[in-house]
Every structure is written in C-alpha cells, then in structure tokens.
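All remarks here apply to the structure that follows.
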Amino acid sequence: MEKVNSHSFRGIAEMKTSLKQRSKEIYQITIPTPFLVGPINTFLIRGDALTLVDTGPKTDDALTQMRNKLAECNVRTSDIDIVVLTHHHPDHIGLVQEFLPNAKLVGHPKLRPWLERDEQFLLNTRNYFYNFYEEHGVPMNWIEEMDRIHNNYLKYTTKVPLDLEVSEGDTIDGLPHWRVIETPGHAQSHISLIHEQDGTAIAGDHLIAHISSNAIIEAPYWNEVERPKTLIQYREALKKCLHTSFIYSGHGDGIENPRELIEERLKGMEEKAQVFKRKMGEEPIQVFDLSKKLYPKIYQKQTALTFSETLGHLDLLEEQGEVTSFSENDRTYYRKT
Ligand SMILES: [Zn+2]
C-alpha cells in the first residue's frame with residue numbers, strides 16, 4: 001500500500017489529551033447510532049497511512065458527526081487511506097462508502113459476504129435460521145418477525161467490496177506495530193488490533209466496559225457443517241486479550257484494566273449458566289421456552305438476543321457435561337444430566 005506522510009496533524013497535536021484521547025497516535029471519534037447500544041466509537045490512527053477503525057451506521061447524523069470530528073483533525077473523509085472494520089454489524093460498517101474510492105477496506109474473510117451482500121450466503125443464512133429457530137421451539141410468526149427486523153438493519157449499510165482480507169497474526173501495510181488477532185464470539189467476522197509495543201488493543205465489540213457483549217448466534221459459513229458455539233468461542237477469544245494493557249472499546253469508555261474485567265466476565269458467564277440450569281426444571285425443555293422463563297419481560301421485544309443468550313449458556317453447560325440435548329420429531333430439547 002502507498003505510504004502517505006503528508007497529512008497535517010496539527011489539529012491533533014493541539015488538542016488537549018483527554019481520557020478520550022489517550023495516545024497522540026489514536027484519536028477517538030464517537031458517532032451517534034439509532035440502535036439500542038447507543039453511540040459507537042471509531043478510531044483514527046496516525047501511522048504511515050491514515051487509518052480509521054470502524055465507521056458508524058449509514059445515517060445523516062452519523063455522517064455529519066464523522067465529517068465534523070475529522071475536520072477538527074484537519075482530515076477529510078477522502079484523506080483516509082485504510083478503513084479497518086472490526087466486524088460486520090451495521091453500526092461498525094455502515095458509513096464505509098464515504099471513504100471510497102480512496103480508502104482500502106480491510107477486514108476478516110467472514111466480513112466479506114456481509115459487506116458485499118453475497119446473495120447466496122445471505123439466502124443460506126436466512127434458510128438456516130428459519131429451520132434452526134423452528135427446531136428450537138420458536139413459533140413461525142416470531143421467526144418471521146425476527147427476519148423482518150434483521151432485514152431492516154440492511155438500510156444502515158451499503159454494498160461495497162472488501163479490498164484486503166486479514167486474519168490471525170497479520171499486519172497491515174501502512175499501520176506499523178499493530179497486529180490483527182481474531183476475536184470471534186460477538187460476531188464470526190470479529191477482529192481486534194493489538195499494538196505490539198505498548199499492548200493496547202482496539203477491540204470493537206469484543207469487550208465493552210458497561211455491558212456484557214452478546215455472543216450472537218450465527219449460521220455456519222460456506223462449507224462449515226456445524227453452527228459455531230459462539231459463547232464458548234467468545235470465552236476463548238476473551239482469554240487472548242488477558243495480557244493487553246488498555247482496550248479501546250467500540251462502545252463506552254476505554255478499559256483500563258482488561259484482565260480484571262475479562263476475568264469478571266468469564267466468571268459471570270459460569271454463574272449465569274448455573275442460574276439457567278436451575279431454571280430449566282426437571283423436564284426436557286426447548287431453548288425458546290427456557291428463554292421465556294429467563295427473560296419474561298423482554299423476550300418478546302428482544303427475541304433473537306434472549307434466544308442467543310439462552311442457547312449460549314446451554315452450550316456452555318453441555319460442554320461442561322451438566323446438560324445434554326436430544327432430538328425428537330425434528331425438535332431439539334435440553335435436560336440436566
Ligand atoms: Zn457488534
């Protein structure tokens with residue numbers, strides 16, 4: 001990639017170092033979103049090239065804020081050389097077309113079908129979930145509603161091609177000292193960047209200080225046969241960040257003591273799994289019915305999230321040998337061992 005050294009960073013140099021701008025190399029730009037999660041943090045990195053990590057959703061408010069905040073650093077959207085996308089969720093990738101054609105788009109191979117709206121992939125995913133939710137006891141009209149909500153998110157993104165795939169251990173030309181690590185769990189496409197010298201990480205939604213990230217269920221990709229057990233995956237990916245010194249997070253404040261928070265989160269999942277186990281009762285139960293017992297107030301409004309949360313902890317209990325699943329008449333049930 002072409003090296004760019006000509007950008008003026010007087011704007012950054014003159015800015016007071018605040019909590020939001022911990023390093024002179026990294027400048028946090030917080031962008032509003034229309035989603036429940038609230039504003040998203042994107043990061044401008046001054047290296048050999050000018051890099052932006054994540055973009056915000058495709059809304060007028062997000063674009064205005066992005067342009068204004070970049071202008072404070074004497075940067076225009078067309079000055080950005082590289083856009084690294086941590087994962088495929090709309091609040092992270094939505095504004096990406098504003099940086100084209102100048103910027104190179106960088107992400108995990110599993111980001112590609114989402115970013116490029118690969119029709120076959122999206123159709124397979126959709127079909128998979130219709131069958132999967134039905135098998136786990138979700139009524140058909142609820143499945144259709146989840147499908148409608150999911151499709152509605154598409155309006156916050158644009159179909160664009162991914163320029164460069166990165167995976168575990170890769171470095172990115174123009175972004176020296178930063179290494180890519182794969183951090184699947186919250187999303188299968190999720191990557192984080194780790195600074196090799198000071199141990200800071202830019203970690204998207206992998207770890208958020210004020211809320212625990214949901215290990216959202218996803219369909220198998222391409223020739224994969226099994227669905228990924230996202231909570232188990234997420235726990236392993238969290239352990240990869242135990243040694244980091246500071247985490248710039250996709251939402252909320254930066255994380256000063258990642259090890260402490262990661263250990264708390266890992267323990268929290270085990271405790272939650274025990275609570276879920278107690279709620280299961282003695283009879284075999286389906287995931288959807290258990291999610292109703294666990295989340296009586298929100299399962300109707302947040303069906304996909306509460307289902308994910310329930311299934312993830314059942315996967316964990318199953319891995320620990322505390323519950324087992326079985327199939328009967330095309331329906332899957334769980335029971336205590
Ligand atoms: Zn996300």
Side-chain angles (χ1 to χ4, degrees), residues 28-43 52-59 62 66 83-96 105-115 117 122 125 129 146 149-158 160 162 166 180-193 201-219 221 227-231 233-238 240-241 247-255 258 261-262 265 269 302-309 311-312:
Q28 179 175 314
I29 297 174
T30 303
I31 303 288
T33 82
F35 309 124
L36 212 58
V37 69
I40 177 200
N41 300 322
T42 70
F43 299 94
L52 184 71
V53 181
D54 289 335
T55 68
K58 190 177 81 177
T59 65
M66 178 59 82
V83 176
V84 178
L85 299 165
T86 59
H87 64 296
H88 68 269
H89 294 162
D91 48 337
H92 296 258
I93 67 169
L95 269 189
V96 83
L105 305 185
V106 179
H108 192 267
K110 286 183 174 173
L111 174 76
R112 186 184 290 281
W114 298 104
L115 199 65
R117 297 217 190 143
L122 295 178
T125 298
F129 272 113
M146 281 192 277
I149 292 169
H150 188 261
N151 286 329
N152 194 36
Y153 282 127
L154 285 180
K155 72 179 182 212
Y156 299 105
T157 66
T158 311
V160 287
L162 181 68
V166 288
V180 172
I181 61 165
E182 294 178 349
T183 43
H186 172 67
Q188 293 304 297
S189 59
H190 206 297
I191 55 167
S192 302
L193 295 172
I202 300 177
D205 290 356
H206 188 46
L207 193 63
I208 300 172
H210 62 288
I211 42 171
S212 56
S213 282
N214 194 290
I216 297 170
I217 52 168
E218 287 187 40
Y221 281 61
R227 70 174 170 91
K229 295 197 170 172
T230 54
L231 190 79
Q233 234 183 6
Y234 179 49
R235 289 169 63 79
E236 291 312 307
L238 274 179
K240 288 166 89 172
C241 293
I247 291 182
Y248 292 94
S249 182
H251 302 277
D253 294 339
I255 296 157
L261 185 60
I262 290 168
R265 288 284 149 79
M269 289 168 203
Q302 296 198 45
T303 314
L305 280 184
T306 52
F307 184 97
S308 246
E309 196 69 359
L311 179 62

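Hydrogens, waters and symmetry mates play no part in the numbers below; they use all other heavy atoms, side chains included. Numbers for residues simply follow the sequence, beginning at 1. Start at 1 and go down the list; that is how both ligands and their atoms are numbered.
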To the nearest 0.5 Å, tell me how far D91 CG sits from Y156 OH. 11.0 Å
Distance (rounded to the nearest 0.5 Å) between I31 CD1 and D54 CG: 10.5 Å
Could you tell me whether the side chain of [X] and the main chain of [Y] form a donor-acceptor pair under 3.5 Å?
X    : Y    : value
S213 : H186 : no
T55  : H92  : yes
K110 : A187 : no

Which residues and atoms, protein N, O or S only, are under 2.8 Å from the Zn ion (ligand 1)? H87 NE2, H89 ND1, H186 NE2, D205 OD2
Ring centroid separation H190 to H89 under 6.0 Å: no
